There are 2 protein chains.
Amino acid sequence: MKIDPESSADFSAQIAQSIRGAIVSGDLLVDQRLPSEAELADQFAVSRPTVREALKRLAAQSLIRTQRGATGGAFVNRLRFEEAYDQQVTTSTLLLSMNSVSFDVACEARFALERSCAPLAAKRRTPDNLATMRAEIHRQSQPGLTDEAFCASDVTLHRALVDGAANKVLSYQLAGAVEAMQPLMNMITFTARSRERIVDMHTELTNALEAKDAILVDQTLIKLETYTRDLGHSIATANPVRSKKQLKKASSKRKK
Amino acid sequence: MKIDPESSADFSAQIAQSIRGAIVSGDLLVDQRLPSEAELADQFAVSRPTVREALKRLAAQSLIRTQRGATGGAFVNRLRFEEAYDQQVTTSTLLLSMNSVSFDVACEARFALERSCAPLAAKRRTPDNLATMRAEIHRQSQPGLTDEAFCASDVTLHRALVDGAANKVLSYQLAGAVEAMQPLMNMITFTARSRERIVDMHTELTNALEAKDAILVDQTLIKLETYTRDLGHSIATANPVRSKKQLKKASSKRKK
DNA sequence: AATTTTCATTTGTCTTACATATTAATGTCT
DNA sequence: AGACATTAATATGTAAGACAAATGAAAATT
């Protein structure tokens, strides 16, 4: 294990890359303990703080976890779907907000992905999935619901649909698409979105899913997409330049 | 800006979370300079190494970049699609390899996602996309091609198809799915996969795309999925327990 | 005016030290 | 002998101070 002193990159970055490679390639297995920080410092011929910076980089990607104490140390972490979700959502959200992705493009991607699991969901949806969706629809119908709660409920419903496909990999991939869209969706919810129409379509969607009618599910999703994108267009026309401040406000509101 | 000394989490993790929140919420804008490490250490009332560990965590997620020198410091990084790709691929790859995701499930997810951009690609594919695909097909037909090169070419072809949808968000989401499958695909390529049949289907796929025949594109992808999954089943039956070592070897071979 | 020099600022790294968490071994008491 | 407290060892977490190196801006020089 060596690093290149001539490289332009930081030592800590090089060390992190080296260890990351060992994990990805399988040289380091799940739950395996890495050498102690002092040993790593020796092996890489750097100081302990430098090694620590490298380990923190890996910890930030959930590749390792650390434990204090006598039998402690850094261990290769089993990357769980839950953690991967979070990173995916964070990354996707920033990607959208920092790259001036149009509402239209994001929307198109979101529904294309969601529709991709519609046939599977129609086949495999459980009573549990349906119950979740109906519960959210009921919540969405209540008049006193805040805008943020309505949005959160919307996400939960669509997540239930995605989970209906009973494919963890799909659910993971979709999480980013659905959640990252939320800030952009809020932009609309706080203005023109008609809850009644949304609830109607959600009901239609759930019914189609219950009937295992894949085609109808797909059509309903298309309808929902069309409605959403039309709303986006009308907003863009009425108020083409929306300030970052407003967007930010709408985005932060949904946090619990 | 404060942290909780009573919290179970590390200071560096708390500080990173705090700054991450400021970036995600929009309090810190792209290219904005963070306070110097010394100033941050003051503000959070911790030492400089602790602040540095926090900053390295953020750097690992591409949320900030650092620059040395008089006007240097840490700056909020504009997250680019390219960087996001890489993280997605790394995360997805580890997720698959660490969670005993069956080939079948991964395959189903991959093709479901890929098919989701087929209609868009059929509509928007450029001559460029088609040229890339045909070039890869030609490469795949050459007898002397190594297995690794064939796999890489396969990925390039499918990426061209995805890019044909002309939706950056879709391309980003799909990157993880396609690339992360590669190690699992190799498991098959190095054994039973018939290049001839694959090339035939790739050709059919490209022709359908050129003809803007969305339905035929979809059907061909289904055919490809069926063939791939059948192969997976036959492998599983013939050689149910495949050693980690073999997988690792197949996986590392594809790197350039 | 152009060029060179100096200098202040900031990150990158090292060294040393101490605090704290955790386990294992040891010792003590019943 | 067994249960419990003590101690020691090992590891990460944090702090403090120092120097190196990069970088850009200001000052000095030609």
Side-chain angles (χ1 to χ4, degrees), chain A residues 1-20 23 28 31-77, chain B residues 1-20 22-23 28 31-78:
Chain A
M1 283 200 174
K2 280 169 198 166
I3 53 179
D4 177 17
E6 300 302 316
S7 168
S8 62
D10 300 353
F11 287 169
S12 67
Q14 289 181 54
I15 294 168
Q17 188 56 47
S18 170
I19 298 175
R20 184 167 21 245
I23 294 175
L28 292 171
D31 291 333
Q32 192 174 334
R33 184 182 175 280
L34 273 63
S36 73
E37 294 174 354
E39 287 176 286
L40 286 173
D42 272 353
Q43 289 183 26
F44 285 108
V46 297
S47 68
R48 213 187 121 209
T50 302
V51 167
R52 281 183 61 80
E53 287 177 10
L55 294 179
K56 294 314 166 199
R57 294 180 116 111
L58 298 174
Q61 296 180 304
S62 304
L63 294 187
I64 63 168
R65 61 178 186 277
T66 56
Q67 202 178 348
R68 294 172 71 167
T71 59
F75 299 82
V76 177
N77 193 38
Chain B
M1 284 198 174
K2 281 169 198 167
I3 53 178
D4 177 17
E6 301 303 315
S7 168
S8 62
D10 299 353
F11 287 171
S12 68
Q14 290 182 53
I15 293 169
Q17 188 56 48
S18 170
I19 298 175
R20 184 168 21 245
I23 295 175
L28 292 171
D31 291 334
Q32 191 174 334
R33 184 181 176 280
L34 272 65
S36 73
E37 293 175 354
E39 287 177 285
L40 286 173
D42 272 353
Q43 287 182 27
F44 286 107
V46 296
S47 68
R48 212 185 125 209
T50 302
V51 167
R52 281 182 62 79
E53 287 177 8
L55 293 180
K56 295 315 166 199
R57 293 180 117 110
L58 298 174
Q61 296 180 307
S62 303
L63 293 188
I64 62 168
R65 61 177 187 278
T66 55
Q67 201 179 349
R68 293 171 71 166
T71 58
F75 298 84
V76 177
N77 193 38
R78 157 160 273 124

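Keep in mind the model is a prediction, meaning the values are calculated, not measured. Every chain is numbered from 1 and lettered A, B, ... according to where its sequence line falls, protein lines coming before strand lines.
The side chain of A/Arg33 lies closest to D/dA11 when the candidates are C/dT9, D/dA11, C/dG12.
Between A/Asp42 atom CG and C/dT13 atom P there is a gap of 17 Å when expressed in whole angstrom units. Between B/Asp10 atom CG and D/dT14 atom P there is a gap of 5 Å when expressed in whole angstrom units. Rounded to an integer number of Å, the gap from CD of A/Glu53 to C1' of C/dT15 is 15 Å. As rounded to whole Å, 15 Å separates atom C1' of C/dC14 from atom CZ of A/Arg52. Atoms CZ (A/Phe11) and C1' (C/dT11) sit 14 Å apart, rounded to a whole Å. One atom, CZ of A/Phe75, and another, C1' of C/dT22, lie 11 Å apart when rounded to the nearest Å.
For the residue pair A/Glu39 and A/Ser36, a side-chain donor N or O sits within less than 3.5 Å of a side-chain acceptor on the partner.
In this structure, the side chains of B/Phe44 and B/Ser18 come closer than 4.5 Å at one or more pairs of heavy atoms. Between B/Leu63 and B/Asn77 the shortest side-chain heavy-atom distance does not fall below 4.5 Å.
By the 4.0 Å N-to-carboxylate-O rule, B/Asp31 lies close enough to B/Arg65 to be salt-bridged with it.
Side-chain N/O atoms of B/Arg48 and base N/O atoms of C/dG12 include a donor-acceptor pair closer than 3.5 Å. Looking at A/Arg68, its side chain comes within 3.5 Å of the base of C/dT20 through a donor and an acceptor atom.
Ranked by how close their nearest DNA chain D nucleotide is to the 5' end, B/Gln67 and A/Leu34 are led by A/Leu34. Toward the 5′ end of DNA chain C lies the nearest nucleotide of B/Glu37, the other residue of the pair B/Pro49 and B/Glu37 mapping further downstream.
Residue B/Thr66 places at least one side-chain N or O closer than 4.0 Å to OP1 or OP2 of C/dG12. OP1 or OP2 of D/dA15 sits under 4.0 Å from a side-chain N or O of B/Thr50.
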